[in-house]
Amino acid sequence: MERPSLSIAALYDIHGNLPALEAVLADIDKLPVEQILVGGDVLPGPFPDESLDLLMNARVPVSFISGNGERNVLALLNEEPTDTLPDSVVETIRWSGAKLSAAQRELVTAWPPTRKIWIDGVGQVLFCHATPQSDSSIFTKVTPEPRLSPVFANVRCPIVVCGHTHMQFDRMVGAVRVLNAGSVGMPFGQTGAHWLLLGQEIEFRHTPFDLPTAADRVKASDYPQAEQFATQNILQVPSESEILNQFEQVALQ
């Protein structure tokens, strides 16, 4: 278990969106946050190396867990099998991996899949990317509890924090409170950056930032999907109902 903390900012699914990350870290600088937990999928995205550098130079300690994004980036770098993905996604993953320095690759390789941290006033919290067993399984706020119960049956923490589906929620699965931190860099349902603050109280946070300027920065990069990312993940985002319908069709498969 990690050292106890009074307050943790949980940042998930940054996906190389440097302008969003900059805004969130500026927000955190105004708050009594003791440490940052990055919940996977810093990669892939338009500014992967810059995002890692920014996190490593944050004013408070930062710890990491890996997501399916990092796993697939490392797999391509090591010429190992990846998840079955569209060619366009593989292109962005390969591009993101090529941007990393040797030190950054070593850093990402060392990230564990989960962490347990004691938070005063909250108790022991398990941080995972998607579920305690998987970095890619999908479930949402409307996935029926009987289907989810086996996933959390052996969890011995009162709270689990996850991400992966890019939508914030707070629900119970049996005796376990499951919180989705949302996505800093590729949110669904509402533009801006979404994250979670855990301390004496638990607060879902939404950080606005200059969307047109952020979109222009992405478009000016050489990211393979720059135009699509700027228009569909910054200036506008998919609706929650649209994504819930898509995700529930493949939930826990």
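Y223 OH to Q225 CD: the interatomic distance, rounded to the nearest 0.5 Å, is 6.5 Å. Atom CG of residue D27 and atom CD of residue E22 lie 13.5 Å apart, to the nearest 0.5 angstrom. In this structure, CD on E70 lies 11.5 Å from CG on L77, to the nearest 0.5 angstrom. The CD atom of Q190 sits 8.5 Å away from the CD atom of Q168 when rounded to the nearest 0.5 Å. Rounding to the nearest 0.5 Å gives a distance of 4.0 Å between CZ of R177 and CG of D170. For the atom pair CD1 (I234) and NZ (K219), the distance works out to 9.5 Å, reported to the nearest 0.5 Å.
The main-chain N or O of D83 is found under 3.5 Å from a side-chain atom of N72 such that the two form a donor-acceptor pair. In this structure, E34 contributes its side chain and L6 its backbone to a donor-acceptor pair below 3.5 Å. Between the R205 side chain and the A193 main chain, no donor and acceptor come within less than 3.5 Å of each other. At distances below 3.5 Å, not a single donor-acceptor pair connects side-chain atoms of S134 with backbone N or O atoms of T131. Counting only distance, with no hydrogens or angles, the side chain of N57 and the backbone of D53 share a donor-acceptor pair below 3.5 Å. Side-chain N or O atoms of S7 include one that pairs as donor or acceptor with a backbone N or O of P32 at under 3.5 Å. No donor-acceptor pair under 3.5 Å is formed between the side chain of E201 and the backbone N or O of L197.
Taken together through direct or relayed side-chain contacts under 4.5 Å among Ile, Leu, Val, Met, Phe, Trp and Tyr, F64 and V161 form parts of separate hydrophobic clusters. Follow the hydrophobic side-chain contacts under 4.5 Å out from F209 and you reach I14 in the same cluster. If you chain together hydrophobic residues whose side chains sit under 4.5 Å apart, F204 and V176 never meet in one group. In the hydrophobic cluster analysis, where Ile, Leu, Val, Met, Phe, Trp and Tyr join through side-chain heavy atoms closer than 4.5 angstrom, F169 is grouped apart from I159. Residues V108 and L76 fall within the same hydrophobic cluster, defined by Ile, Leu, Val, Met, Phe, Trp and Tyr side chains chained together at heavy-atom separations under 4.5 Å.
The closest side-chain donor-acceptor pair between D120 and Q200, if any, does not fall under 3.5 angstrom. Under the 3.5 Å distance criterion, with hydrogens and angles disregarded, no donor-acceptor pair is assigned to the side chains of D13 and H164. Between T165 and N180, the side chains place a donor N or O and an acceptor N or O closer than 3.5 Å (distance only, hydrogens not considered). Of the N and O atoms on the side chains of E248 and T143, at least one donor lies less than 3.5 Å from an acceptor on the other residue.
You'll find the side chain of V173 reaches within 4.5 Å of the side chain of R171, heavy atoms only. For the pair S63/Q35, a side-chain contact is recorded, criterion being any heavy-atom separation below 4.5 Å from C-beta on. Looking at L235 and T191, their side chains never come closer than 4.5 Å, going by heavy atoms from C-beta outward. At least one side-chain heavy atom of Q246 sits under 4.5 Å from a side-chain heavy atom of I243. Annotation: side chain of P238 is not in contact with side chain of Q232 (no heavy-atom distance under 4.5 Å). Within the 4.5 Å cutoff, side-chain heavy atoms of L54 are placed close to those of L25.
Nearest heavy atom pair, residue P44 against residue S96, reads CB-OG, 3.2 Å. Between V42 and S51 the shortest heavy-atom distance is CG1-CB, 4.2 Å. Residue A181 comes nearest to A10 through the heavy atom pair CB-O, 4.0 Å, listed as atom of the first residue, atom of the second, then distance. Across all their heavy atoms, C128 and V160 have their closest contact at SG-CG1, 3.8 Å. Of all the heavy atoms in L252 and L148, the pair that sits closest is CD1-CD2, 4.0 Å. Here the closest non-hydrogen pair linking P132 and T114 is O-CG2, 4.1 Å.
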Please evaluate residues V178 and C162 with respect to the criterion side chain to side chain contact (heavy atoms under 4.5 Å, CB included), reporting the C-alpha separation (whole Å), side-chain torsions for both, the decisive distance (0.1 Å), and the verdict. CA-CA 7 Å; V178 182; C162 62; 4.1 Å; yes

Show your working on ring-ring contact (aromatic ring centres under 6.0 Å, His included) between F47 and F229 and close with a plain yes or no. CA-CA 12 Å; F47 304 103; F229 192 98; 8.7 Å; no

Stepwise, does the side chain to side chain contact (heavy atoms under 4.5 Å, CB included) test hold for L198 with L179? CA-CA 10 Å; L198 300 103; L179 305 168; 4.3 Å; yes

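A salt bridge does not link E50 to R217: none of the charged nitrogens lies less than 4.0 Å from a carboxylate oxygen. Comment: E80 does not engage R71 in a salt bridge, judged by the lack of any side-chain N to carboxylate O separation of less than 4.0 angstrom. Taking 4.0 Å as the cut-off between side-chain N and carboxylate O, R105 and D49 do not count as a salt-bridged pair.
When each of F188, Y12, F247, W195 is tested with H166 by the rule ring-ring contact (aromatic ring centres under 6.0 Å, His included), just one qualifies, namely F188. The only option from V184, V62, L21 that meets the side chain to side chain contact (heavy atoms under 4.5 Å, CB included) definition with V38 turns out to be V62.
More than 12 heavy-atom neighbours from other residues, nucleotides or ligands sit within 6.0 angstrom of CD on Q133.
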